[in-house]
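In this text the structure is predicted, and so the values were computed from the model without any measurement. One-based numbering along the sequence shown.
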Amino acid sequence: MKRILSALTIGAGLGAAVLSGTVSPVAAETLKIGFLATLSGPPAVLGQHMRDGFLLGVKQAGGKLGGMDTEVIVVDDELKPDGAITKVQGLLERDKVDIMAGVVFSNVMMAVYKPIIKSETIFIGANAGPSPIAGKGCSPYFFSTSYQNDQNHEVMGRYASQQGYGKVVVMAPNYQAGKDAIAGFKRHYTGEVVEEIYTKLGQLDFSAELARIADAEPEALFTFMPGGMGVNLVKQYSQAGLKGVIPFLSTFTVDETTLPATKDMAVGLYSGAEWASDIDNDANASFVRAFEAEYGYPPSLYAAQGYDAARLIDGAVDMAGGIADKRALMSALAAAPFESVRGDFSFNTNQFPIQDFYLVEAVKRGKKYVTEVKQKVFDDVGDAYAGSCRM
């Protein structure tokens with residue numbers, strides 16, 4: 001009989017939910033995974049999706065990734081890089097996890113990446129993909145089941161050029177992922193960027209920025225505003241009368257994490273993504289059905305990436321015959337022995353994915369608001385930094 005994941009303990013000091021494949025005492029041969037996610041404040045929904053996707057993958061394996069009893073220790077980083085370092089040290093030194101996974105925001109990733117890699121712990125990134133760790137700072141211990149930060153933004157740069165938008169305003173939070181977003185957009189945009197606007201991370205009032213955008217009279221706006229920032233921006237953009245006047249192009253701003261709040265105000269808006277619920281393959285259809293049945297809400301790309309992270313670990317541990325031989329496990333991970341919900345998926349030389357990227361549109365499907373593929377923009381592409389990776 002398959003064992004069911006059971007919440008065992010909640011460590012108040014660590015902010016960790018511990019889940020295991022068994023309700024009996026943990027066996028000696030147990031795979032321990034530390035899962036770090038932002039689970040508090042306005043961006044908590046991003047971490048929730050990523051965590052829920054990962055735990056669904058573990059549950060579907062009967063609580064046994066690669067056939068091993070699996071204990072997942074979920075920790076809230078609270079979007080505080082310094083605090084995240086302390087919590088990671090606890091996972092590595094006290095809990096002695098075999099694998100680290102997760103991380104939503106790039107400022108947290110930049111803080112915890114070195115201590116994890118320095119400890120020679122295998123690290124599966126399920127969202128943040130800042131450029132420094134994809135290039136010269138790459139490591140054989142790090143694998144990503146998401147993307148390198150620039151890539152979804154490159155989709156919108158290519159699309160803006162295809163649409164003939166001659167001048168645009170770009171806007172993003174002032175941190176590593178925001179800088180990567182602007183760099184990615186500009187890499188494939190052939191027109192003029194008339195203004196670059198950088199906001200505070202976590203900013204929720206965009207009245208001053210919207211006035212600047214209106215004054216600049218661009219042919220389009222490109223923006224990256226994840227979580228609660230995106231919810232407020234979409235609402236304020238519509239309320240300011242800019243929707244339908246200045247095309248709104250975005251990434252990680254209009255998706256299944258924000259659509260429950262923005263609803264009709266976001267319908268018709270375009271974004272760049274490497275995943276959508278209607279990508280046509282059996283693994284994706286099964287995942288979407290199972291996720292909605294388990295959690296009662298539509299999955300986002302964050303959920304898909306978390307799910308793929310669990311599936312990757314499952315396939316690699318099985319291929320390596322366990323976790324005792326770390327080199328064998330790393331080789332198995334590099335082979336990507338699982339069926340991704342994205343379809344085509346393999347690892348580049350920097351162990352970030354080679355995959356497809358899409359233009360997606362926010363739509364209302366029945367009573368649900370989701371994103372759907374409009375067109376494939378890039379086919380089987382790696383990121384711009386892989387050539388700088390020397391492992």
Side-chain angles (χ1 to χ4, degrees), residues 3 5-9 11 14-37 50-51 53-77 84-103 109 112-127 133 139-145 305-338 347 351 391:
R3 293 171 177 170
L5 283 171
S6 302
L8 296 182
T9 63
L14 187 62
V18 183
L19 299 103
S20 173
T22 176
V23 296
S24 61
V26 178
E29 191 67 4
T30 298
L31 170 61
K32 297 182 71 173
I33 300 172
F35 194 87
L36 189 67
M50 185 178 68
R51 175 203 63 198
F54 188 86
L55 293 181
L56 177 63
V58 177
K59 181 176 182 179
Q60 288 185 340
K64 290 174 172 285
L65 294 184
M68 296 183 65
D69 282 344
T70 300
E71 179 184 357
V72 180
I73 307 173
V74 178
V75 177
D76 179 12
D77 61 45
I85 293 174
T86 301
K87 292 179 179 181
V88 163
Q89 288 171 338
L91 290 168
L92 297 175
E93 297 169 11
R94 182 190 59 246
D95 299 308
K96 300 189 183 304
V97 298
D98 302 297
I99 294 174
M100 280 295 305
V103 184
M109 177 64 83
V112 303
Y113 177 78
K114 285 186 178 179
I116 295 172
I117 297 308
K118 187 177 180 180
S119 73
E120 298 187 350
T121 300
I122 293 170
F123 186 8
I124 313 296
N127 190 59
I133 69 173
S139 168
Y141 293 98
F142 182 81
F143 299 81
S144 170
T145 58
Q305 293 159 188
Y307 183 74
D308 270 0
R311 297 283 297 278
L312 168 65
I313 296 169
D314 184 40
V317 172
D318 181 62
M319 176 181 284
I323 59 174
D325 187 338
K326 186 177 290 187
R327 293 295 170 184
L329 179 56
M330 291 163 66
S331 294
L333 287 164
F338 74 107
F347 282 120
Q351 297 177 166
M391 291 192 186

Under the criterion side-chain contact (heavy atoms from CB on, under 4.5 Å), I'd like the reasoning laid out for Ile323 against Val317: C-alpha separation, chi angles, the key distance, then a yes or no.
CA-CA 6 Å; Ile323 59 174; Val317 172; 4.1 Å; yes
Please lay out, stage by stage, how Phe35 and Leu55 fare under the test side-chain contact (heavy atoms from CB on, under 4.5 Å).
CA-CA 10 Å; Phe35 194 87; Leu55 293 181; over 6 Å; no
Given Tyr141 and Phe123, is the side-chain contact (heavy atoms from CB on, under 4.5 Å) satisfied, shown in steps?
CA-CA 6 Å; Tyr141 293 98; Phe123 186 8; 5.7 Å; no
Begin with the C-alpha distance, continue with both residues' side-chain angles, and end with the deciding distance and a verdict on side-chain contact (heavy atoms from CB on, under 4.5 Å) for Ile117 and Ile133.
CA-CA 11 Å; Ile117 297 308; Ile133 69 173; over 6 Å; no
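In this structure a side-chain-to-backbone donor-acceptor pair under 3.5 Å is present from Gln351 to Phe142. Remark: side-chain polar atoms of Lys32 are paired, donor with acceptor, to backbone N or O of Asp95 under 3.5 angstrom.
The heavy-atom pair separating Asp314 from Gly66 by the smallest distance is OD1-N, 2.5 Å. The nearest pair of heavy atoms linking Val112 to Ile85 is CG1-N, 4.1 Å. Leu312 and Pro337 get closest at one heavy-atom pair: CD1-CD, 4.1 Å. Between Met50 and Asn127, the shortest heavy-atom distance links the atoms SD-CB, 4.0 Å. Minimum interatomic distance between Ser119 and Thr121 (heavy atoms only, all atoms of both residues): OG-OG1, 2.7 Å. Counting all heavy atoms, side chain and backbone alike, Met391 lies closest to Ser139 at CE-O, 3.4 Å.
With rounding to the nearest 0.5 Å, the separation of CG in Leu329 from NZ in Lys326 is 9.0 Å. With rounding to the nearest 0.5 angstrom, the CD atom of Gln305 is 13.5 Å from the CD1 atom of Ile124. Distance check: Asp69 CG to Lys64 NZ gives 3.5 Å after rounding to the nearest 0.5 Å. From Lys96, atom NZ reaches atom CG of Leu91 across 12.0 Å, with rounding to the nearest 0.5 Å. Rounded to the nearest 0.5 Å, atoms NZ (Lys87) and CG (Asp77) are 7.0 Å apart.
The number of heavy atoms from other shown groups lying within 6.0 Å of NZ (Lys114) does not exceed 12.
For the pair Val58 and Ile33, the minimum side-chain heavy-atom distance is 4.5 Å or more.
Of the candidates Ile122, Leu31, Asp98, Asp318, Ile313 forms a side-chain contact (heavy atoms from CB on, under 4.5 Å) with just one, namely Leu31.
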